[in-house]
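Right, one structure below, let's go through it.
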Amino acid sequence: LAGNLFGQNRINEAKKIYERIVSENPDFSPAWSNLGFIYLQNGNAAKAKEYYEQALALDPDYEQALLNKAGLLIYENKNNEALMLVRKVLKKNPKNEQAMAIAKRLKK
């Protein structure tokens with residue numbers, strides 16, 4: 001539901017649902033990662049980083065959290081660090097199209 005709400009640009013509603021999910025199931029890394037994405041979209045990079053790190057502490061190989069954190073690092077002009085995360089994703093999943101696109105952009 002939260003993902004659908006986010007897709008409909010109903011960000012505040014999606015955020016509330018993700019917050020409820022992490023309060024009821026704090027070990028669910030996708031909800032932490034999605035919350036981080038929402039915070040970054042709203043300009044709160046510090047909170048986004050905190051939530052991405054929580055997602056990755058729960059699942060260090062969670063591809064979307066790695067890519068989201070790479071996006072945050074790009075936002076912070078830390079392209080080399082971002083590329084390291086993208087390469088980690090591509091090592092595990094060489095066909096990840098989002099990771100391939102980010103790597104291509106960062107290598108320019």
Identify, with sequence neighbours excluded, every residue that meets side-chain contact (heavy atoms from CB on, under 4.5 Å) alongside A48. Y39, L40, Y52
Stepwise side chain to side chain contact (heavy atoms under 4.5 Å, CB included) check, E63 with N93: CA-CA 9 Å; E63 290 181 17; N93 181 3; 3.1 Å; yes
Nearest 0.5 angstrom please: N79 CG to M84 CE, how far? 12.0 Å
List the steps, then state whether ring-ring contact (aromatic ring centres under 6.0 Å, His included) holds for F6 with F37. CA-CA 11 Å; F6 184 84; F37 188 79; 5.6 Å; yes
M100 versus L90, closest heavy-atom pair with distance: CG-CD2, 3.7 Å
Take atom CG of N80 as the centre, draw a 6.0 Å sphere, and report whether it contains more than 12 heavy atoms from other residues, nucleotides or ligands. no
Does CD belonging to E97 count more than 12 external heavy atoms closer than 6.0 Å? no
K69/E81 ion pair, N-O < 4.0 Å: no
Linking I/L/V/M/F/W/Y whenever their side-chain heavy atoms sit closer than 4.5 Å, directly or via other members, would L66 and Y62 fall into one cluster? no
Shortest non-hydrogen contact from S33 toward A65: OG-CA, 3.4 Å
Separation between CD (E13) and CG (L1), nearest 0.5 Å, reads 8.5 Å
Measuring from atom CG of N44 to atom CD1 of I38, what distance do you get when rounded to the nearest 0.5 angstrom? 12.0 Å
I'd like to know whether K49 forms a side chain to side chain contact (heavy atoms under 4.5 Å, CB included) with E53, so could you lay out the CA-CA distance, the side-chain angles of the two residues, the decisive distance to 0.1 Å, and finally the verdict. CA-CA 6 Å; K49 180 180 180 182; E53 289 178 358; 2.9 Å; yes
Which pair of heavy atoms, one from A2 and one from A14, lies closest together, and at what distance? O-CB, 3.4 Å
Can you tell me which residue among I102, L85, L72 is in a side-chain contact (heavy atoms from CB on, under 4.5 Å) with L67? I102
Measure the shortest side-chain to side-chain distance between K15 and L5 over non-hydrogen atoms and say whether it is less than 4.5 angstrom. no
Would you find a donor on one side and an acceptor on the other, under 3.5 Å apart, between the side chain of W32 and the backbone of P26? yes
Kindly write out the residues that satisfy side-chain hydrogen bond (donor to acceptor under 3.5 Å, both in side chains) with Q64, not counting sequence neighbours, or none if the list is empty. N68
Grab the two heavy atoms, one from N96 and one from A99, that are nearest each other, plus how far apart they are. OD1-N, 2.9 Å
Applying a strict under-4.5 Å side-chain criterion to I, L, V, M, F, W and Y, I'd like to know whether Y75 and L56 cluster together. no
Drop me the distance from L83's CG to K107's NZ, to the nearest 0.5 angstrom. 6.5 Å
Working note: I74 + R105, criterion side chain to side chain contact (heavy atoms under 4.5 Å, CB included); need CA distance, chi angles, decisive distance, verdict. CA-CA 11 Å; I74 292 167; R105 192 171 92 225; 3.7 Å; yes
Donor-acceptor contact below 3.5 Å, side chain S23 vs main chain R20: yes
